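Following: one structure in structure tokens, then a few remarks.
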Amino acid sequence: MSAEINNEAKNEFKYDFKAVEAKWRRIWEEKKPYAAKTASDKTKFYGLIEFPYPSGAGLHVGHARPYTAMDVIARKRRMQGENVLFPIGFDAFGLPTENYAIANKIHPAAVTEQNIAGFTAQLKMLGYSFDWDRVVDTTDPAYYKWTQWIFLKLFDRGLAYKASMPVNWCVSCKCVLANEEVVSGVCERCGSEVVRREKSQWMLKITQYAQRLLDDLDGLDYIERVKTQQRNWIGRSTGAELDFETTAGDKLRVYTTRPDTLFGATYMVISPEHSALKAWESALVNLDEIREYQQAAAKKSDFERTEVSKDKTGVELTGVRAINPVTGGEIPIFISDYVLATYGTGAIMAVPGHDERDWEFAKKFGLPIVEVVSGGDVESAAYGGGDTGIMVNSGFLNGLSVADAKLKITQWLVDKGLGERKVNFKLRDWVFSRQRYWGEPIPIVHCGKCGYVALPESELPLLLPEVENYETTDTGESPLAAMADWLSVRCPHCGGAAKRETDTMPQWAGSSWYFLRYADPKNADALASREALDYWTPVDWYNGGMEHTTLHLLYSRFWHKFLYDIGVVPTSEPYMKRTSHGMILGEDGQKMSKSRGNVINPNDVVDEYGADTLRLYIMFLGDFEKAAPWSQKAVRGCKRFLDRVWTLAEGELSDSDDYAHEKAVHRTVKKVTEDIEAMKFNTAIASLMTLQSELSDGAASRGDVRALLLLLSPFAPHMAEELWEKLGFGELVCLAAWPEYDNAKTIDDTAEIAVQVGGKLKTTVVVPLGADEETVKAAALADDKIARITEGRELVRVITVRNKLINLIVK
RNA sequence: GCGGGUAUGGCGGAACAGGCAGACGCAAAGGACUUAAAAUCCUUCGGUAGAAAUACCGUGCCGGUUCGACCCCGGCUACCCGCACCA
């Protein structure tokens with residue numbers, strides 16, 4: 001009985017937030033105050049968040065953090081008179097939808113439609129100021145027509161190609177993965193084992209843009225950790241490629257960043273997949289042993305290859321040796337899987353004295369270790385030597401520093417025609433095809449006579465056909481491969497019989513250009529009109545997750561540069577500014593997950609406390625950039641604050657538009673204005689709480705409350721609108737002018753000075769603002785306590801910091 | 001292993017051009033209102049000692065620079081996030 005009463009009482013809040021929030025949702029829907037108008041005299045502001053994948057699980061509080069943050073910024077910029085574009089859409093192709101469709105025997109399009117409807121309702125519930133007339137859906141043929149169009153442009157210019165190569169194969173998804181999708185050897189999505197498989201795949205030549213993707217980071221306002229991560233991922237290194245002659249009569253080319261250590265190269269290693277093995281077949285004595293090793297390496301998954309990284313394996317080739325070009329000595333060649341086929345030339349010169357991996361291998365196989373850079377002890381560990389190490393045992397390089405030796409030997413190699421300078425990147429081309437149904441069909445036809453032929457633009461969009469079965473086959477073919485009718489087609493080039501490509505694009509395709517579509521979402525003749533792109537792009541501020549740094553963010557920069565090169569977009573970079581939010585953890589401090597049962601559903605919070613409270617709490621819970629645990633109790637604190645604002649606004653107010661609490665209001669305006677731009681939402685809210693507290697203590701004017709509502713409105717828009725209307729301040733608070741502050745009015749005319757004696761705080765004194773050292777010193781010495789402490793002691797030094805502190809050093 | 005980051009009360013977090021550590025919120029304790037509870041309002045709230053004034057100690061650990069260090073420098077430790085045999 002009493003429990004029931006408690007429960008009811010608990011929900012007895014100051015105002016009926018459900019009715020208030022529903023009311024304003026309706027009004028915003030009717031009046032469309034957030035509609036962005038292309039072209040205007042105002043400054044444009046394009047704020048972007050990562051559009052969600054509409055999963056069946058619905059919106060997560062993890063979405064609400066970045067979305068609320070950008071909504072607060074967008075609302076503030078709008079009130080500051082900027083022309084704001086703040087759009088939303090759905091990245092709706094993807095595996096979970098397809099899997100759900102398979103399990104429940106529904107068409108993925110139907111699942112997508114349901115999920116989008118659910119997400120839309122939730123996003124509206126949270127009061128985001130999206131322009132709902134610009135919604136984009138990547139699975140809409142009117143949208144993916146342009147995704148396919150971009151692919152054809154890439155194909156035209158040789159940036160999309162088909163190649164057979166070892167790829168990452170997820171055994172559970174039965175699908176190829178990009179390098180970026182393999183996380184510590186397992187599938188990023190399902191956590192299953194990833195193995196290497198030789199497959200013919202569509203590839204995009206992102207490597208052609210590696211240097212520009214790297215260089216252009218410098219001019220961008222991205223948070224540093226995003227830049228660093230992209231730089232590392234692109235992984236530029238400079239060195240040399242050089243040839244070693246072999247006893248088989250041919251040459252073996254290697255890449256090295258340490259050409260200076262050439263005299264120390266005592267053996268060579270080639271990857272198990274290296275093509276030279278075939279050429280040397282007749283010369284090799286231990287071919288069986290080599291074959292066995294190759295097969296064993298091929299069977300290993302990526303995970304296994306890295307797991308056994310501690311213990312090096314390999315087989316020496318008997319029958320073929322290499323000749324070190326500077327020493328003239330014959331050195332052995334090994335195959336080992338510690339050398340990667342996909343980087344450099346797939347072969348290395350091994351310098352065990354100065355490379356840790358080579359050192360380990362040499363120790364295991366009893367190979368000679370030669371010191372060529374002095375300073376270390378190469379018998380006990382490999383020694384890098386830095387740039388300043390001195391060369392030894394290196395003929396004409398002796399006595400030079402490592403840096404100088406690099407230059408000299410490289411020039412020597414060039415002069416002798418043995419090698420050349422070389423820049424390498426870790427970045428690989430982007431594996432672009434997926435053997436799944438629910439993705440954009442690749443608009444390519446395979447003709448026996450003409451090869452791969454682009455579908456004419458007039459045939460776009462190439463629609464996904466209806467299939468009986470969405471499941472992939474164990475042979476790794478897309479479900480589309482079973483569609484005989486759809487599959488066979490005339491070659492657009494020669495008119496002969498041909499077959500369609502049955503792979504589809506990865507999820508990253510549609511998201512690589514979606515922000516362009518927002519500028520002009522209904523355009524049927526172009527991905528967006530040039531006029532709209534000129535006006536709205538680039539994106540001014542893009543907030544999103546760190547997990548997309550080397551995926552979506554890098555991919556879309558690549559596509560954008562390409563579109564710039566072919567004259568489709570006006571800028572070479574898509575996003576001027578990139579920020580990133582921390583994760584919201586469960587109450588137990590762990591990552592939220594269904595299995596841990598610590599997931600917070602935003603619907604429940606909104607139901608109990610309202611959207612304004614949820615928004616406010618999410619912005620208040622901690623440093624935006626850092627992970628922060630959820631606290632169900634702390635949510636109540638935000639609700640209490642909103643209730644106090646309500647009480648204040650409904651209470652006794654002096655009938656003046658001026659500020660009665662001038663200093664407090666000006667300070668808060670300044671603080672909130674600055675903090676929102678710096679994404680310090682938590683301290684902005686703290687200052688609003690302080691202002692409310694002061695105003696509630698008495699003698700607040702209508703002007704004070706008006707300012708408070710304006711400042712609060714980006715965080716709690718529904719309640720702010722309701723009180724704005726109740727107090728008769730005008731139309732909509734979301735379109736009212738953001739308050740200005742006068743810096744002079746934020747300053748006190750007195751300063752409280754910390755008084756230290758010998759560096760230790762003793763007391764404080766109040767002096768006029770800007771008082772000079774003498775005045776402050778006099779005031780300090782006049783203080784009883786200070787007088788007592790300093791009595792009978794000699795003042796040897798005085799340090800003052802204006803308006804802050806005085807430190808008296810006594811003896 | 002490499003790269004990036006973090007470490008502050010019981011908890012989330014403030015304050016960093018080197019200048020009053022702990023704003024704001026949560027939790028807790030006490031009080032007011034109430035028949036009672038909830039809600040609300042008021043007060044206290046880093047530690048030790050003390051009735052108090054006050055004193056001493058306190059920003060992961062050890063050292064240094066400085067009148068003064070959460071902040072700068074050197075050396076550790078722990079945790080988080082990337083990358084992971086990239087020659």
Side-chain angles (χ1 to χ4, degrees), chain A residues 2-3 5-14 183-185 224-229 231-233 235-237 239 254-258 261 269 302 305-306 308-310 312 336-340 342-345 347-351 354-358 360-361 424-428 546-547 549-550 582-583 589 617 620-623 625-638 640-641 643-644 647 680 682-690 693 696 752-764 785 796-810:
Chain A
S2 67
I5 292 172
N6 285 357
N7 238 341
E8 241 168 71
K10 216 171 122 194
N11 289 324
E12 202 181 274
F13 293 121
K14 263 326 277 188
V183 176
S184 22
E224 211 46 47
R225 55 193 170 125
V226 169
K227 286 192 188 184
T228 311
Q229 218 166 290
R231 283 192 191 110
N232 291 345
W233 187 260
R236 184 181 194 272
S237 73
V254 301
Y255 171 71
T256 178
T257 55
R258 296 294 305 271
T261 61
V269 188
D302 272 12
R305 273 205 186 188
T306 42
V308 298
S309 70
K310 290 270 183 303
K312 296 223 167 1
S336 172
D337 65 0
Y338 88 89
V339 169
L340 305 175
T342 45
Y343 185 77
T345 63
I348 61 155
M349 63 178 214
V351 184
H354 306 281
D355 180 280
E356 212 180 301
R357 297 149 301 182
D358 299 344
E360 264 181 50
F361 191 87
N424 259 326
F425 296 93
K426 288 188 199 172
L427 187 69
R428 308 293 158 73
M546 279 309 287
E547 71 276 18
T549 301
T550 54
M583 217 189 313
Y617 173 67
F620 186 61
L621 92 171
D623 183 335
E625 288 203 10
K626 289 189 205 141
W630 186 269
S631 160
Q632 197 60 41
K633 278 184 177 161
V635 176
R636 300 188 60 83
C638 289
R640 274 185 209 130
F641 164 64
D643 281 345
R644 288 189 197 116
T647 307
K680 293 165 78 172
N682 52 343
T683 50
I685 292 166
S687 76
L688 288 170
M689 288 172 167
T690 306
S693 171
S696 294
E752 196 184 18
I753 307 290
V755 183
Q756 296 181 341
V757 178
K760 290 206 166 178
L761 181 74
K762 295 297 173 188
T763 187
T764 59
K785 189 170 169 188
V796 290
R797 199 174 156 195
V798 178
I799 292 127
T800 52
V801 180
R802 227 168 92 99
N803 296 330
K804 285 239 158 132
L805 164 145
I806 181 164
N807 188 5
L808 307 167
I809 314 300
V810 294

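Throughout, protein chains are lettered first and strands after them, A, B, ... in sequence-line order, and every chain is numbered starting at 1. Computed from a predicted structure; not experimentally measured.
When heavy atoms are screened at a 4.0 angstrom cut-off, A:Leu621 is found touching the sugar-phosphate backbone but no base atom. As judged by a 4.0 angstrom heavy-atom cut-off over every strand, A:Ala627 is placed among residues touching the sugar-phosphate backbone only. Within 4.0 Å (heavy atoms only), A:Thr342 reaches no atom of the nucleic acid at all.
Looking at the side chain of A:Asp623, the nearest of the listed nucleotides B:A14, B:G12, B:A87 is B:A14. If you check B:A84, B:A55, B:C57 against the side chain of A:Trp233, the one that comes closest is B:A84. Checked against B:G3, B:A87, B:G13, the side chain of A:Tyr255 finds its nearest nucleotide in B:A87. Closest to the A:Lys785 side chain, of the nucleotides B:G4, B:A55, B:A87, is B:A55.
Nucleotides B:A14 and B:U40 place their P atoms 26 Å apart, quoted to the nearest Å. Straight-line distance between the C1' atoms of B:U59 and B:G46: roughly 11 Å, to the nearest whole Å. For B:C24 and B:G75, the P atoms lie 39 Å apart once the distance is rounded to whole Å. The gap from the C1' atom of B:C73 to that of B:G9 amounts to 29 Å, rounded to the nearest Å. As rounded to the nearest Å, B:C33 and B:G25 have C1' atoms that lie 25 Å from one another.
The separation between A:Glu356 atom CD and B:A87 atom C1' is 12 Å, rounded to whole Å. Remark: C1' of B:C57 and NZ of A:Lys760 are 9 Å apart, rounded to the nearest angstrom. Atom C1' of nucleotide B:G4 and atom CE of A:Met546 are separated by 8 Å, given to the nearest angstrom.
In this structure, A:Lys762 and A:Phe425 both approach RNA chain B, and ranking their closest nucleotides by distance from the 5' end singles out A:Lys762. Along RNA chain B, the nucleotide nearest A:Arg225 and the nucleotide nearest A:Asn424 are compared for position; the residue whose nucleotide lies closer to the 5' end is A:Arg225.
Considering every non-hydrogen atom in both A:Val269 and A:Val339, the closest pair reads CG1-CG2, 3.6 Å.
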One character per nucleotide, please: for nucleotides 15-29 of chain B, 5' to 3', B when the base has a protein heavy atom closer than 4.0 Å, S when only the sugar-phosphate does, - otherwise.
S---BB--BBSSS--
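A:Ser696 places no side-chain N or O within 3.5 Å of a backbone atom of A:Ser693 that could act as its donor or acceptor partner.
Take A:Ser336 and apply the side chain to side chain donor-acceptor pair (under 3.5 Å) test, not counting sequence neighbours, and it matches no residue.
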Pairs counted only when both distances fall under 3.5 Å, Watson-Crick or G-U: show me the 5' to 3' dot-bracket for RNA chain B, [ ] for pseudoknotted crossings and | for other-strand partners.
(((((((..(((......[....))).(((((.......))))).((((....))))..(((((..]....))))))))))))....
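Taking syn as a glycosidic angle within 90° of 0, B:G31 does not qualify and is anti.
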